Amino acid sequence: EAGVAQSPRYKIIEKRQSVAFWCNPISGHATLYWYQQILGQGPKLLIQFQNNGVVDDSQLPKDRFSAERLKGVDSTLKIQPAKLEDSAVYLCASSFRQGGGEKLFFGSGTQLSVL
Amino acid sequence: QKEVEQNSGPLSVPEGAIASLNCTYSDRVSQSFFWYRQYSGKSPELIMSIYSNGDKEDGRFTAQLNKASQYVSLLIRDSQPSDSATYLCAVSGTGGFKTIFGAGTRLFVKA
């Protein structure tokens, strides 16, 4: 079974530039998440999709971040314009519900450096 | 108050010892509890899930849950150098089943 695919693996941009990340979840997983992980911290949820609808985006900085999930499958996360503090690893995860909860499977992440 | 709190460590144990990792959470209606392992430069991977009070064992790992105390723990028996990683506690509640992670505890197992 193929895992969660993310691209690019690394991205270096200058502040005020824009950047986009892509994610393809595990086939059949209805829920998709974007997390931001700053070095030394735990993953912070940015946005959660159920199929192609947004379940939670309370911590998404909507003045600069946007995300969409087309046809309930692939998703893109965009930052425009980027700030220095956006330097982090952006993790995409998908999940299925088993037993009592959602078990998350993560992609390899995109490491973003904003200079 | 952070929603999920963990001691950042590092926690250092000798090979063969028991490593004990702890986590507390603030939302009393949380229903699902998870431990993820994250090696340096890698993504988190799920190692344990627990949904009801008590202990759950899987190989060398035991997860413990006490909802009254809002406390989750992970015990790693016969610790190996390959267990050296950051262990993330994650909690999921009702509604949209949003999963919140703690900051993680770094574990070092000395050979």
Side-chain angles (χ1 to χ4, degrees), chain A residues 1 3-7 9-10 21 23 25-26 29-60 69 88-111 113, chain B residues 2-10 21-27 29-54 56 58 63 65 67 72 85-106:
Chain A
E1 179 183 75
V4 177
Q6 282 191 253
S7 67
R9 186 72 179 88
Y10 304 93
F21 312 127
C23 174
I26 293 172
H29 284 193
T31 309
L32 184 148
Y33 313 75
W34 283 102
Y35 284 88
Q36 177 194 60
Q37 188 172 27
I38 294 172
L39 188 64
Q41 299 181 18
K44 171 189 167 185
L45 180 65
L46 293 176
I47 189 166
Q48 178 179 340
F49 293 95
Q50 181 79 14
N51 296 308
N52 60 354
V54 175
V55 174
D56 190 292
D57 63 356
S58 57
Q59 297 201 80
L60 186 73
R69 187 178 185 192
V89 176
Y90 291 83
L91 295 164
C92 179
S94 65
S95 70
F96 71 99
R97 187 167 178 78
Q98 183 182 66
E102 299 282 332
K103 299 184 176 182
L104 273 62
F105 294 81
F106 286 87
S108 56
T110 296
Q111 185 171 329
S113 297
Chain B
K2 292 183 181 178
E3 295 182 76
V4 180
E5 294 209 48
Q6 297 181 253
N7 186 326
S8 63
L21 306 165
N22 305 314
C23 170
T24 58
Y25 59 94
S26 61
D27 189 349
V29 299
S30 298
Q31 296 181 330
S32 307
F33 308 87
F34 306 90
W35 286 98
Y36 287 79
R37 178 176 61 199
Q38 186 172 28
Y39 291 113
S40 181
K42 302 296 185 182
S43 296
E45 59 176 329
L46 180 66
I47 55 172
M48 288 289 288
S49 60
I50 186 166
Y51 309 117
S52 56
N53 282 328
K56 179 182 177 182
D58 184 0
L65 174 61
K67 290 186 177 181
V72 193
T86 295
Y87 289 81
L88 299 163
C89 175
V91 174
S92 178
T94 57
F97 309 107
K98 181 169 65 174
T99 301
I100 303 299
F101 286 81
T105 298
R106 288 180 295 156

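A note on names: the letters A, B, ... follow the listed sequences, proteins ahead of strands, and every chain is numbered from 1. Source: prediction; values computed, not measured.
- Between A/Tyr35 and A/Phe106, the ring planes lie tilted relative to each other; the angle falls in the 30° to 60° range.
- If you measure heavy-atom distances from B/Phe33 to chain A, you find no contacts under 4.5 Å at all.
- With a 4.5 angstrom heavy-atom cutoff, A/Gln37 touches chain B only via side-chain atoms.
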Q: Would you please test A/Val54 and A/Ile47 for side-chain contact (heavy atoms from CB on, under 4.5 Å) and show each step?
A: CA-CA 7 Å; A/Val54 175; A/Ile47 189 166; 4.1 Å; yes

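- The contact between B/Gln38 and chain A is made entirely by side chain atoms (from C-beta outward), counting heavy-atom distances below 4.5 Å.
- Side-chain contact between A/Cys92 and A/Phe21 is absent, with no heavy atoms from C-beta onward closer than 4.5 Å.
- Ranked by heavy-atom pairs under 4.5 Å with chain B, the list A/Ser95, A/Gly109, A/Pro43, A/Gly42 is led by A/Pro43.
- Annotation: maximal heavy-atom pairing with chain A below 4.5 Å, among B/Leu46, B/Ile100, B/Thr86, B/Ile50, occurs at B/Leu46.
- Test B/Ser30, B/Ser26, B/Ser32 against B/Val91 for side-chain contact (heavy atoms from CB on, under 4.5 Å) and you get one pass: B/Ser30.
- Using a 30° and 60° split on the angle between ring planes, A/His29 and A/Phe105 fall in the tilted class, from 30° to 60°.
- The contact between A/Leu104 and chain B is made by backbone and side chain atoms together, counting heavy-atom distances below 4.5 Å.
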